[in-house]
Every structure is written in structure tokens, then in C-alpha cells.
Amino acid sequence: VDELHKICEKKLLSKICNDNVCQILITADSLNLKELKQECKFETMKSDPGIDYMVVKFNEITQSKDYEKLMMHPHLLIEVTREIASHFSA
């Protein structure tokens, strides 16, 4: 089962985009897939190393239908919001 989780995590990591990142984050959280969860929230942008994925894309992500699903998981919204706040206060 652990090996299957790792295979699925790798596949999902390659598919993260604005339209699905919230659902993948929710799934990763519910299945306790810590690496995938971390990558959804804070994936390093390939074009701009060191910049967090959801920090950079947050405005676009909030416009997606997927974001409404994230609103049903306030603890995840708090985690993402704290990361965004820490990015701007640094």
C-alpha cells in the first residue's frame, strides 16, 4: 500500500495546476500524504525557484471552482493563508 501511495503521489505531483491544486491538497490531507500536501501548498515554481506555488498563484486559484472545495476545509485554508502571510512579512 505504501508503494502504491508513492506512485500515486508522484503522478499527482506532475499534474498540479491552478484548476486542481485545491482538490489534490484536500485529498493529500485526508490520506495523510505529507509530501504531496506540502508540494500542493508550497511547490517550488520551476520557472522561478524559491517562490511558493500557492503564494504566486493564489489569486488565480481563488477564481477556480476548485477553491470552493477548499473553503469546506478551514484548517487547510488557515495553513495556506499563514504561508502567504509569512511570505509577505519576510
Side-chain angles (χ1 to χ4, degrees):
V1 177
D2 287 339
E3 190 61 34
L4 182 57
H5 274 175
K6 289 178 193 265
I7 292 168
C8 291
E9 275 185 284
K10 282 188 175 201
K11 187 69 171 172
L12 287 172
L13 281 172
S14 69
K15 301 293 183 187
I16 292 174
C17 68
N18 295 351
D19 293 329
N20 68 16
V21 67
C22 294
Q23 183 59 55
I24 293 174
L25 177 61
I26 291 164
T27 301
D29 183 62
S30 68
L31 297 174
N32 199 30
L33 302 173
K34 293 176 182 168
E35 181 181 335
L36 181 58
K37 182 178 171 182
Q38 190 70 14
E39 289 295 321
C40 286
K41 292 188 297 182
F42 316 120
E43 179 185 30
T44 301
M45 300 286 288
K46 291 163 186 61
S47 61
D48 196 355
I51 304 297
D52 297 330
Y53 187 87
M54 287 190 82
V55 170
V56 171
K57 299 288 188 175
F58 192 70
N59 192 43
E60 295 169 38
I61 292 167
T62 60
Q63 304 303 313
S64 72
K65 290 182 180 181
D66 206 38
Y67 182 70
E68 293 176 18
K69 296 175 188 172
L70 187 59
M71 292 173 23
M72 301 301 292
H73 301 270
H75 67 286
L76 292 175
L77 270 176
I78 290 168
E79 287 180 37
V80 171
T81 303
R82 285 184 177 153
E83 178 62 25
I84 291 168
S86 72
H87 177 76
F88 288 108
S89 66

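Given the structure is predicted, the values throughout are model-derived calculations rather than measurements. FYI, the numbering just counts along the sequence from 1.
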Just list the side-chain donor-acceptor pairs under 3.5 Å for residues 74-81, sequence neighbours left out, or say none.
residue : atom : partner : partner atom : Å
H75     : NE2  : D29     : OD2          : 2.7
E79     : OE1  : K37     : NZ           : 3.4
E79     : OE1  : K41     : NZ           : 2.4
E79     : OE2  : K37     : NZ           : 3.2
T81     : OG1  : L77     : O            : 2.7

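Side-chain atoms of C22 and L25, non-hydrogen and from C-beta on, never get closer than 4.5 Å to each other.
Remark: I7 CD1 to D2 CG distance equals 11.0 Å, nearest 0.5 Å. Taking CD1 of I61 as the start and OH of Y67 as the end, the distance is 9.5 Å to the nearest 0.5 Å. Going from atom CD1 of I24 over to atom CG of D19 covers 10.5 Å, rounded to the nearest 0.5 Å. The CE atom of M71 sits 10.0 Å away from the OG1 atom of T62 when rounded to the nearest 0.5 Å. Within the model, atoms CD of E39 and CD of E9 stand 9.5 Å from one another, a figure rounded to the nearest 0.5 Å.
For T27, the side-chain hydrogen bond (donor to acceptor under 3.5 Å, both in side chains) test picks out Q23, with sequence neighbours left out. In this structure, the side-chain hydrogen bond (donor to acceptor under 3.5 Å, both in side chains) partners of E60, at least two apart in sequence or on a different chain, are N18.
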Could you give me the CA-CA distance, side-chain angles and deciding distance for E35 and L13, then say whether side-chain contact (heavy atoms from CB on, under 4.5 Å) is met?
CA-CA 10 Å; E35 181 181 335; L13 281 172; 4.2 Å; yes

I'd like to know whether I16 forms a side-chain contact (heavy atoms from CB on, under 4.5 Å) with V21, so could you lay out the CA-CA distance, the side-chain angles of the two residues, the decisive distance to 0.1 Å, and finally the verdict.
CA-CA 5 Å; I16 292 174; V21 67; 3.7 Å; yes

